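Everything on this sheet refers to the single structure shown next.
Every value quoted in this text rests on a predicted model; they were computed, and no experiment measured them. Throughout, protein chains are lettered first and strands after them, A, B, ... in sequence-line order, and every chain is numbered starting at 1.
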Amino acid sequence: MVKSLSVTPYLSRYSSFPTVGIWNSSIREAVNQGHSRKALLLFRQMKQNGSEPDNFTFPIVAKACCKLSDPKLSLVFHTHVVKSPFGSHVFVQTALVDMYVKHGQLVDAYNLFERMPVRDVASWNAMLVGFAQSGCLGRVLCLFHQMRFAAVQPDSVTCVGLIQACLHAKNLKMVKAIHSYGIRTGMDADVSVANTWIGAYSKCGDLDLAKVIFDGIDLDVRTVVSWNSMIAGFANFEKFLDALSYYKSMLHGGLRPDTSTILSLLSSCVQYEFLFQGTLIHSHGIQLGCVSDISVVNTLISMYSKCGDIVSARLLFDGMSHRTCVSWTAIISGYSKKGDLDETLGLLHAMGAAGEKPDLVTMLSLISGCTQAGALELGKWINSYALSNGLRDNIIICNALIDMYAKCGSMNDARDLFYIMPEKTVVSWTTMISGCALNGEFKEALDLFHTMLERGLKPNHITFLAVLQACTHAGLLEKGMECFAMMTNVYNIAPGLDHYSCVADLLGRRGMIIEALKLVQIMPMKPDTGIWSALLAACKIHRNREIGEYVSRHLFELDPQVAVLYVEMANIYASDGKWDGVAAIRRMMKCNKVKKLPGQSVIQVNGKPHVFTVEDRGHPEGLLLYSMLDNLILQLKEEGYLHLPERTSEHELG
DNA sequence: TTAGGGTTAG
């Protein structure tokens with residue numbers, strides 16, 4: 001039955017005896033207002049009225065079908081088109097190609113495209129965008145060449161499609177090549193093309209270039225999408241303050257932010273120190289009417305839990321009338337990061353009871369929670385859960401599980417999983433190398449690194465960091481220096497501060513303090529407290545008071561509130577018999593109001609966390625623990641390990 | 001043309 005009443009508003013203002021043109025305008029109006037079902041009803045009514053659809057009608061109806069994404073409906077529509085005398089018209093066939101592309105039916109789209117007797121720029125674009133969105137860069141480039149061979153002039157849509165394909169392939173070089181092609185052909189004047197470039201460069205990590213393009217768009221031409229693309233770029237790299245500053249400029253310029261702006265901004269707000277600003281954005285979202293959008297609520301839950309305000313996150317979650325898998329994951333992730341495994345598991349069960357199944361991201365949040373809490377048993381349970389739910393075939397899940405096993409000290413489980421993985425990525429190898437380094441399996445770490453290279457995998461900056469850490473902990477100076485040189489010479493990876501820290505630590509531990517200091521002085525970035533601390537520790541081990549004083553001056557300047565630094569320097573003076581130096585440090589600590597908070601270790605036994613500090617006698621089984629420790633030290637000495645560090649090596653201070 | 005929950009290091 002045709003509900004004629006529901007479609008009359010679109011027709012009544014034109015005529016009671018509509019022509020094909022009037023039918024087309026009415027259908028177009030319904031589609032543009034988002035009323036796709038009404039558009040289809042109008043189309044049906046048009047045919048029942050005896051009006052024959054023309055080459056303009058079909059593309060509009062195809063657009064309605066696209067929005068409804070119902071393959072059955074599309075098939076019915078296709079049969080209508082075939083029967084029509086306009087079925088072979090280029091507009092109509094292009095609309096069909098586009099419809100199949102939007103439904104993800106690329107084979108059907110391409111079959112139709114290949115049989116088209118005439119193709120215009122829109123037909124080529126529809127197919128090209130289809131391949132681009134599926135990440136087939138090779139096919140996109142091939143189609144682009146064929147298009148130019150067929151003497152069809154590419155336009156801004158072609159350009160956007162090409163950029164999307166390069167983004168899928170994460171090919172920054174190709175993005176730049178297409179950018180220069182776009183400039184040569186004058187397509188950069190189109191704001192939507194410029195917006196795509198901003199998005200492309202920021203996704204590839206080149207935020208400076210994104211800024212250059214953004215600045216190049218005239219103020220009165222910039223759209224909300226231009227601003228959103230820039231803000232999303234900062235959000236991708238968790239640069240909240242930059243994102244916020246652009247948001248403020250956007251407001252100053254009189255533009256009204258939309259849901260996308262709020263979502264990006266919220267997703268970049270991930271630190272406790274920004275919680276207040278996050279709350280302000282939340283209220284902006286309410287003013288703008290965005291919080292009725294479920295995605296915004298999900299992101300708010302995530303924002304509050306990442307900023308450490310799990311209570312607000314839970315309030316929002318509990319107040320939701322409808323929850324998706326993303327909502328459950330956001331709150332589970334919050335509790336899991338907090339280390340609250342009881343609540344995490346409770347929510348996982350509640351999720352199942354509510355009829356939602358955990359997906360890949362939910363599983364990753366759960367595994368990462370176990371890793372942080374050191375909950376090996378629960379981690380194993382999640383492993384079997386993933387296995388029985390068909391999620392254990394996923395490389396990312398396996399990588400997270402390997403990391404969990406390694407960080408919980410269960411290297412055999414990590415190995416078992418690593419070796420049965422049918423396919424491994426650089427992340428898998430890096431996780432395993434890093435796990436070996438963490439657990440003192442230095443030879444295995446280096447063997448894995450070489451096997452990885454032999455298999456033709458390209459290590460990244462994190463792989464090198466893991467390898468350098470293995471070398472540092474094992475004291476393998478030559479090997480470490482070899483890998484450090486390999487980074488730049490073979491793999492063209494510029495070492496970061498962390499890599500320099502590792503090498504400085506490696507040199508310092510071996511007593512090459514002058515060489516370590518020289519490295520710190522010549523490196524291209526400003527040394528941080530970490531690298532100076534490594535040098536200070538080396539000065540302490542090798543009793544180098546002179547360089548120790550120089551290093552500590554830098555450290556005091558950078559952060560005068562770090563207690564360890566005073567302790568280390570006092571130890572250097574004490575070991576040199578310079579008691580006036582020790583006294584001076586004590587005075588500095590008092591003057592700067594520094595208090596030494598002891599470091600803590602946490603271990604879970606039978607699901608219960610136990611917290612320890614240095615020389616902690618407060619544990620209920622403290623006496624037993626220390627007698628066991630003394631026993632172990634005695635046994636080690638008997639085995640020939642004579643140079644054990646003293647348990648109370650720290651100089652009494654504070 | 002822009003957007004939500006997440007794996008390797010730190």
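- A:K306 has a side-chain polar atom (N or O) that falls below the 4.0 Å cut-off from OP1 or OP2 of B:dG6.
- The side chain of A:N460 lies closest to B:dT8 when the candidates are B:dT8, B:dT1, B:dT7.
- Counting heavy atoms of neighbouring residues, nucleotides and ligands inside a 6.0 Å radius, atom CG of A:D215 exceeds 12 of them.
- Ranking B:dT2, B:dT7, B:dA9 by closeness to the A:V427 side chain, first place goes to B:dT7.
- Across all strands shown, A:C398 has no heavy atoms under 4.0 Å from either base or sugar-phosphate atoms.
- Across the protein-nucleic acid pair, A:L263 atom CG and B:dG5 atom P stand 8 Å apart, rounded to whole Å.
- Proximity note for A:K407 (side chain, C-beta onward) versus B:dA9, B:dG6, B:dT1: the nearest is B:dA9.
- A close approach under 4.0 Å does not occur between any side-chain nitrogen or oxygen of A:T261 and OP1 or OP2 of B:dA3.
- Comparing atom distances between the A:S260 side chain and each of B:dG5, B:dT2, B:dT8 picks out B:dT2 as nearest.
- Within the structure, the salt bridge (Lys or Arg N to Asp or Glu O under 4.0 Å) test picks out the following pairs touching residues 415-442 of chain A (sequence neighbours left out): A:R415-A:E441, A:R415-A:E444.
- Scanning atom types as modelled, one donor and one acceptor separated by under 3.5 angstrom connect the side chain of A:T329 and the base of B:dG5.
- Within 4.0 Å (heavy atoms only), A:I396 reaches at least one base atom of the nucleic acid.
- Of the candidate nucleotides B:dG4, B:dT7, B:dT2, B:dG4 has the atom nearest to the side chain of A:I294.
- In this structure, a donor-acceptor pair under 3.5 Å is present between the side chains of A:T223 and A:S226.
- Counting to the nearest Å, the P atom of B:dT2 and the CG atom of A:L266 are 20 Å from each other.
- Closest to the side chain of A:I462, out of B:dA3, B:dG4, B:dT8, is B:dT8.
- Across all strands shown, A:T431 has heavy atoms under 4.0 Å from sugar-phosphate atoms exclusively, and none from any base.
- For the OP1/OP2 pair of B:dT1 and a distance below 4.0 Å, the side-chain nitrogens and oxygens of A:K203 include no atom meeting the criterion.
- Look at CG on A:N236: it is 12 Å from P on B:dT2, rounded to the nearest Å.
- With B:dG6, B:dA9, B:dT2 as the candidates, the nucleotide lying closest to the side chain of A:D258 is B:dT2.
- Closest to the side chain of A:V225, out of B:dT8, B:dG6, B:dT2, is B:dT2.
- Between A:S434 and B:dA9, a side-chain N or O to OP1/OP2 separation shorter than 4.0 Å is present.
- Per the geometry, CG belonging to A:N298 stands 11 Å off P belonging to B:dG4, to the nearest Å.
- Contacts of A:D359 with the nucleic acid, taken as non-hydrogen atoms under 4.0 Å apart, include base atoms.
- Under a cut-off of 6.0 angstrom, the local environment of OH in A:Y181 is crowded, with over 12 non-hydrogen atoms contributed by other residues, nucleotides or ligands.
- The CG atom of A:L348 sits 20 Å away from the P atom of B:dG5 (whole-angstrom rounding).
- One can place CD of A:E238 at 11 Å from C1' of B:dG6, the figure rounded to the nearest angstrom.
- For the pair A:H349 (side chain) and A:L345 (backbone), a donor-acceptor distance under 3.5 Å is present.
- Comparing B:dA3, B:dT1, B:dG5 by their closest approach to the side chain of A:V160 singles out B:dT1.
- At whole-Å resolution of the value, CG in A:L364 and P in B:dG6 are 9 Å apart.
- If you check every strand for non-hydrogen atoms under 4.0 Å, A:S428 touches nothing.
- Whole-Å rounding puts the A:M432 CE to B:dA9 C1' distance at 17 Å.
- Not less than 6.0 angstrom separates the ring centroid of A:W197 from the ring centroid of A:Y201.
- Using modelled atom types, one finds a donor on one side chain and an acceptor on the other under 3.5 Å when comparing A:D155 with A:T158.
- Nearest nucleotide to the side chain of A:T430, out of B:dG5, B:dT8, B:dG4: B:dT8.
- An OP1 or OP2 oxygen of B:dG6 is reached within less than 4.0 angstrom by a side-chain nitrogen or oxygen of A:S333.
- Nucleic acid contact class of A:I397 (heavy atoms, under 4.0 Å, all strands): none.
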